[in-house]
Amino acid sequence: MELASLKELEAAIAIARRGTFRAAAIDLGMSTTALSHTISRLEAGLGVRLFNRTTRSVSLTDAGRLFVQQVAPSLQELHAALDLVRSHRETPSGTIRINAAPFAARAIISPLVLEFLRRYPDMNVDIVTEGKMVDIVKDGFDLGVRVEGLVPTDMIAVSLGLPQRHAVVGSPEYFKKHGRPIVPPDLLNHRCIRVRLPDGSLFRWRFEKDGEPVQIDVRGPIALDEASLTRTAVLESAGVGYLFEQDILSEIKAGRVVRVLEDWTPPYPGLCLYYPGRRNLSAGVRAFLDLAREFSQKAA
C-alpha cells in the first residue's frame, strides 16, 4: 500500500467534520470533484471504503470511524509541529481558521480581519459563521469569536473592547400607522418580527432599565433566523425588529428606520476572541492576537 498523502488525510477529516463533500471542499479550497477523486485515491490505497455516499448524504463506515478516531489527533499534532516551525519566520504566513457567530464576524471583518490581511499579505483568513457554539479544537479552528459570557471556561479569552447592544426598530411608515411602543409590554400590541435561535426555539426579547430586566414573548406574522432577513422585513414595514445595533445602525442614521425603546436596551459585555491555551500558537495566530489587543485598546 502506498503511504497516504497529507492532502488525502486532511480531505477525509474535513468530510467527517463537516458532514458533506461540498462543505469540506469549501473549507479545503478545492472543487467537490477534486475532493471526491482525492478520497477515492485514499480509499483505493487503504483497500477499504471510508464513506458511504449517496446523492443525498455522506456517512462514515465502521472503518471510516476508526480511521478518523486514530488519524485526527495525529493530524492535529502534525499541524501544531508545522505551526511551531513556521513561528520562527520573520513574516507570518499560512491560514488562520476562525469560527464566529454571524453578527460577530460582521463586527470584526472591517476593523480587524481586513487590517490584518493588509499588514500580513502572506496570510489567509478562513471565517466560518455558525449560530451554535462549536468545539473549536475538535472542529479544526484556531480561534473563536463569541460574546464574553459564552466563551468556554477552558479557553483563553482576549476582549475586543466592543460592547454589544440591541436596537428595536421599525419603518417610519409602520410607526405612522401603528404608533410607537413606549415601554416593552407595548410590543404585545405590535406586529413583531420574531427571532428563531439556532436550536429552533423562539427568542424572547430582552430589555433592562434601572437594573430591572424584562423579557417579552412577542407575537408577529413571521419568524426569521438571519439578521439580513429581519432588516429587509423591517424596511418593508412588515413589523418591529430586534437586531444587534451594528446590523441596523446605518439605516437608523439615514432615517430609513426609527429606533424605539432605546432607554431599555443598554450595552452589555462585548465580543472576545478565544483560543486553547495548551496549543503552540503559530506566528500568524500570535500576530492576529497582537492586532486584536491593539484594536481593543483603541476601542476602549
Requested in this report: Would you please indicate yes or no on a ring centroid separation below 6.0 angstrom for Y242 and F207?
Outcome: yes

Query raised in the report: D247 side chain to L243 main-chain N or O, any donor-acceptor pair under 3.5 Å?
Result: no

Query raised in the report: Donor-acceptor pair, R165 side chain versus E262 backbone, under 3.5 Å?
Result: yes

Query raised in the report: What class does the angle between the rings of F175 and H190 fall in, given that below 30° is parallel, 30 to 60° is tilted and above 60° is perpendicular?
Result: perpendicular

Query raised in the report: Does any pair with a residue in residues 109-133 pass ring-ring contact (aromatic ring centres under 6.0 Å, His included), and if so which ones, sequence neighbours excluded?
Result: F116-Y120, F116-F288

Requested in this report: For the residue pair L197 and L202, establish whether any side-chain heavy-atom pair is separated by less than 4.5 Å.
Outcome: no

Query raised in the report: Side-chain contact, heavy-atom cut-off 4.5 Å: W264 with I182?
Result: no

Query raised in the report: Is there a donor-acceptor pair closer than 3.5 Å between any side-chain N or O of R97 and the backbone N or O of G140?
Result: yes

Query raised in the report: Are V168 and I193 connected in the hydrophobic side-chain network, where two residues link if heavy atoms are under 4.5 Å apart?
Result: no

Requested in this report: Drop me the distance from L273's CG to L112's CG, to the nearest 0.5 angstrom.
Outcome: 6.5 Å

**Report entry** Residues that K253 engages under salt bridge (Lys or Arg N to Asp or Glu O under 4.0 Å), provided they are two or more places apart
**Finding:** none

Query - R196 (side chain) donor-acceptor with G200 (main chain) under 3.5 angstrom - result: yes

Report summary line: Taken in chain and number order and not counting sequence neighbours, the residues that satisfy salt bridge (Lys or Arg N to Asp or Glu O under 4.0 Å) with D263 are K209

Requested in this report: Could you please spell out the steps behind the salt bridge (charged side-chain N to carboxylate O under 4.0 Å, His left out) verdict for K7 and E10?
Outcome: CA-CA 5 Å; K7 180 179 180 181; E10 289 178 332; over 6 Å; no

Query raised in the report: Rounded to the nearest 0.5 Å, how far apart are OG of S74 and CD1 of I13?
Result: 9.5 Å

**Report entry** Polar side chain donor-acceptor pair, Q164 to Q246, under 3.5 angstrom
**Finding:** yes

Query raised in the report: Quick check: does any side chain N or O of R194 sit under 3.5 Å from a backbone N or O of F203, one acting as donor and the other as acceptor?
Result: no

Query raised in the report: Is the backbone N or O of G220 less than 3.5 Å from a side-chain atom of R191, with the two atoms forming a donor-acceptor pair by type?
Result: no

Report task. Ignoring hydrogens and angles, tell me if any N or O in the side chain of D139 forms a donor-acceptor pair with the backbone of I136 under 3.5 Å. Result -> no

**Report entry** Expected output: side-chain T230 to main-chain G241 donor-acceptor under 3.5 Å
**Finding:** no

Requested in this report: Decide salt bridge (charged side-chain N to carboxylate O under 4.0 Å, His left out) for E294 and R119; before the verdict, give the C-alpha distance in whole Å, the side-chain angles of both, and the deciding distance to 0.1 Å.
Outcome: CA-CA 13 Å; E294 177 185 324; R119 293 192 186 187; 2.7 Å; yes

Query - Carboxylate-amine/guanidinium contact R256 E173, below 4.0 Å - result: no

Query raised in the report: What do the steps show when you test E226 against R106 for salt bridge (charged side-chain N to carboxylate O under 4.0 Å, His left out), and what is the final call?
Result: CA-CA 13 Å; E226 166 53 41; R106 290 190 291 270; 3.7 Å; yes

